[in-house]
Chemist: 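The structure follows.
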Amino acid sequence: MTAMAIRHYLQFSDLTADEYAWIFQRAALIKAKFKAYEKYHPLADRTLAMIFEKASTRTRVSFEAGMYQMGGSVVHLTTGDTQLGRAEPIEDTARVISRMVDLVMIRTFGQDKIERFAAHSRVPVINGLTNEFHPCQILADIFTFIEHRGSIAGKVVAWVGDGNNMANTWLQAAELLGFTVHLSTPSGYEVDQSVAGVRGPASYKVFKDPQDACRGADLVTTDVWTSMGYEAENEARRKAFADWCVDADLMAVARPDALFMHCLPAHRGEEVEAEVIDGPQSVVWDEAENRMHVQKALMEFLLLGRVQG
């Protein structure tokens, strides 16, 4: 086991390709232990604080169950308990909470909040989702792809829909891990390259027509048309995104063995048709479960470094 300075996981680009290879390897091992009912408690006596300013199902269950399975404890805080930056400065909250726990996961709105918290935290901070990034989800998605199809290097991922936090994170992952993203978004909902923080379009291509984006893709993936915090735009988005529904026609132009993913919750008949998400190419349930396994590997890595065995 190697000693490590405090590392935070605030966006996908915070780790190296080599570190991702390690985490995917550990996730597979940790998942195998879980499936075999083999007790594995490397985080005994460690405590994770989870701060939720945005509601969650998968993020809460995956982190909480995962931490307990690793032998640790969890403190669950919601907006009413913390109100980041309202009851007291974020910096002060970070200083206090990080003296009492070993790890903090935050699911909030602006990326600036989690950046400010991390800058004043004594312990690793994990991004459970912000408006700008969702690194834990892409971590799970890539691990799921590897399980089903092997290395993602050199492959094509088609992103159909909103240029949101998921799209931003996919671009970072493509640049780091050597695959290509085909982006197709409605006009006005494009990815902001400056937010994604990628150097240029070498690892992604933009398509006006979602069918062109899906042509030859190894993975087709999407998200809800209206992300949390943008509900006031719901009706306008339903009209703008009408042609960006992943249906059988889009999947038909992808590779015959292409997978379909969705970070969930899904709205059948909007961003994806039921025959796709419930069909044979869909791996959304494996993808959802894998949030827990990759996050266990991530927490182990941030707290203990490269554990052997």
Chemist: Given side chains that start at C-beta, do those of Ile142 and Trp170 come closer than 4.5 Å, heavy atoms only?
Modeler: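 Yes, their side chains come closer than 4.5 Å.
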Chemist: What pair of heavy atoms forms the shortest contact from Gln308 to Trp22, and how long is it?
Modeler: NE2-CH2, 3.7 Å
Chemist: Backbone N or O of Asp14 within a donor-acceptor pair of the Arg7 side chain at under 3.5 Å?
Modeler: yes
Chemist: Any side-chain heavy-atom pair from Phe260 and Val272 closer than 4.5 angstrom?
Modeler: yes
Chemist: Would you say the side chain of Leu298 lies within less than 4.5 Å of the side chain of Leu15, judging by non-hydrogen atoms?
Modeler: yes
Chemist: For Ala94, is there any backbone N or O sitting under 3.5 Å from a side-chain donor or acceptor partner on Arg116?
Modeler: no
Chemist: Around atom CG of Asp257, are there more than 12 heavy atoms of other residues, nucleotides or ligands at under 6.0 Å?
Modeler: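 Result for CG/Asp257: enclosed.
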Chemist: Hey, what do you get for CD (Glu300) to CD1 (Ile23), rounding to the nearest 0.5 Å?
Modeler: 9.5 Å
Chemist: Examine distances only and state if a side-chain atom of His293 and a backbone atom of Ala27 form a donor-acceptor pair shorter than 3.5 Å.
Modeler: no
Chemist: About how many Å separate CG of Leu10 and CZ of Phe117, when rounded to the nearest 0.5 Å?
Modeler: 11.0 Å
Chemist: Are Val284 and Phe143 connected into the same hydrophobic cluster when the rule is that any two of I, L, V, M, F, W, Y join if their side-chain heavy atoms are below 4.5 Å apart?
Modeler: no
Chemist: Run the salt bridge (charged side-chain N to carboxylate O under 4.0 Å, His left out) check on Glu289 and Lys35 step by step: do they pass?
Modeler: CA-CA 12 Å; Glu289 178 191 332; Lys35 295 295 185 184; 2.7 Å; yes
Chemist: When you group the ILVMFWY residues by side-chain heavy-atom contacts below 4.5 Å and let the links chain together, are Val61 and Leu77 in the same group?
Modeler: no
Chemist: Which is it for Asp286 and His148 under the side-chain hydrogen bond (donor to acceptor under 3.5 Å, both in side chains) test, yes or no, and what are the steps along the way?
Modeler: CA-CA 10 Å; Asp286 291 345; His148 285 267; 2.8 Å; yes
Chemist: Would you name the heavy atoms of Asn168 and Asp192 that are closest together and state the gap between them?
Modeler: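 Shortest heavy-atom contact: OD1-O, 4.1 Å.
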Chemist: Has Arg122 got a side-chain atom pairing as donor or acceptor with Arg95's backbone, closer than 3.5 angstrom?
Modeler: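 Here the side-chain-to-backbone pair does not exist.
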Chemist: What closest approach, in Å, do Ala217 and Ala158 show between heavy atoms, and which atom pair accounts for it?
Modeler: CB-CB, 3.8 Å
Chemist: Could you check if a side-chain atom of Lys155 sits within less than 4.5 angstrom of a side-chain atom of Arg149, using non-hydrogen atoms only?
Modeler: no
Chemist: Thr108 and Ile51: side chain to side chain contact (heavy atoms under 4.5 Å, CB included), yes or no, with the steps?
Modeler: CA-CA 8 Å; Thr108 187; Ile51 301 173; over 6 Å; no
Chemist: Taking a hydrophobic cluster as the set of Ile, Leu, Val, Met, Phe, Trp and Tyr residues connected by side-chain heavy atoms closer than 4.5 Å, whether directly or through intermediates, do Phe24 and Tyr40 fall within one such cluster?
Modeler: yes
Chemist: So, applying side chain to side chain contact (heavy atoms under 4.5 Å, CB included) with Met100, which one of Asp102, Val96, Ile97 is it?
Modeler: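 With Met100 as partner, Asp102, Val96, Ile97 yield a single side chain to side chain contact (heavy atoms under 4.5 Å, CB included), made by Val96.
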Chemist: Counting only heavy atoms not in Lys54, do more than 12 sit closer than 6.0 Å to its NZ atom?
Modeler: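 Yes, enclosed.
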Chemist: Ignoring hydrogens and angles, tell me if any N or O in the side chain of Glu175 forms a donor-acceptor pair with the backbone of Ser203 under 3.5 Å.
Modeler: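 Side chain of Glu175 to backbone of Ser203, a donor-acceptor pair under 3.5 Å: no, none is there.
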Chemist: Looking at Arg58 and Glu287, does any basic side-chain N land under 4.0 Å from a carboxylate oxygen?
Modeler: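 Judged by the 4.0 Å cut-off on N to carboxylate O distance, Arg58 and Glu287 do not form a salt bridge.
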Chemist: Check whether any side-chain N or O of Thr222 sits under 3.5 Å from a backbone N or O of Val160 as a donor-acceptor pair, and report yes or no.
Modeler: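 Such a contact is found between Thr222 side chain and Val160 backbone.
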Chemist: Would you confirm whether Tyr20, through its side chain, and Phe12, through its main-chain N or O, come within 3.5 Å as a donor-acceptor pair?
Modeler: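 Confirmed, Tyr20 side chain pairs with Phe12 backbone.
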Chemist: Kindly say whether Gln11 contributes a backbone atom to a donor-acceptor pair with the side chain of Asn127 at under 3.5 angstrom?
Modeler: no
Chemist: Are Arg107 and Thr59 close enough, and set up right, to give a side-chain hydrogen bond (donor to acceptor under 3.5 Å, both in side chains), and what steps lead you there?
Modeler: CA-CA 8 Å; Arg107 185 178 173 97; Thr59 297; 2.8 Å; yes
Chemist: Report whether Val276 and Val283 are members of the same hydrophobic cluster (ILVMFWY, side-chain heavy atoms less than 4.5 Å apart, transitive linking).
Modeler: no
Chemist: On a heavy-atom basis, which atom in Ile6 and which in Pro124 lie closest, and how many Å separate them?
Modeler: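 In this case the closest contact between Ile6 and Pro124 is CG2-N, 4.0 Å.
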Chemist: Using modelled atom types only, decide if a donor and an acceptor are shared between the side chain of Glu132 and the backbone of Gln111 within a distance under 3.5 Å.
Modeler: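 Yes, because the side chain of Glu132 sits within donor-acceptor range (under 3.5 Å) of the backbone of Gln111.
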Chemist: NZ/Lys296 to CG/Asn290 distance, rounded to the nearest 0.5 angstrom?
Modeler: 11.0 Å
Chemist: Enter the distance from Glu270:CD to Phe241:CZ here, rounded to the nearest 0.5 Å.
Modeler: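 Output value for this atom pair is 11.0 Å.
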Chemist: Minimum heavy-atom separation for Val307 to Arg26, with atom names?
Modeler: O-NH1, 3.5 Å
Chemist: With clusters built from Ile, Leu, Val, Met, Phe, Trp and Tyr whose side-chain heavy atoms come within less than 4.5 Å, directly or transitively, what are the remaining members of the cluster of Met292, listed by chain and number?
Modeler: Phe34
Chemist: Report the distance from atom CE of Met166 to atom CG of Asp141, rounding to the nearest 0.5 Å.
Modeler: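 It is 5.0 Å, given to the nearest 0.5 Å.
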Chemist: Please list all pairs passing the side-chain hydrogen bond (donor to acceptor under 3.5 Å, both in side chains) test where one or both residues lie in residues 176-187, with sequence neighbours left out.
Modeler: Ser184-Trp244
Chemist: May I ask you to decide if Val101's main-chain N or O and Thr47's side chain share a donor-acceptor pair within less than 3.5 Å?
Modeler: no
Chemist: Honestly curious: do Trp285 and Leu139 fall in one hydrophobic cluster under the side-chain, below-4.5 Å linking rule?
Modeler: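 No, separate clusters.
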Chemist: Is any side-chain heavy atom of Leu171 closer than 4.5 Å to one of Leu183?
Modeler: yes
Chemist: Is the Tyr9 to Phe301 ring centre distance short of 6.0 Å?
Modeler: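 Here the rings of Phe301 and Tyr9 have centres that are no less than 6.0 Å from each other.
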Chemist: Considering only NZ, NE, NH1 and NH2 on the basic side and carboxylate oxygens on the acidic side, decide whether Asp18 and Arg306 come within less than 4.0 Å.
Modeler: yes
Chemist: Mind running side-chain hydrogen bond (donor to acceptor under 3.5 Å, both in side chains) on Tyr189 and Glu233 for me, showing each step along the way?
Modeler: CA-CA 12 Å; Tyr189 298 93; Glu233 303 174 12; 4.9 Å; no
Chemist: Could you measure the distance from the CG atom of Asn131 to the CG atom of Asn164? Nearest 0.5 Å is fine.
Modeler: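 So the CG of Asn131 and the CG of Asn164 are separated by 10.0 Å.
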Chemist: Do Met261 and Thr144 make a side-chain contact, defined as non-hydrogen atoms from C-beta onward lying under 4.5 Å apart?
Modeler: yes
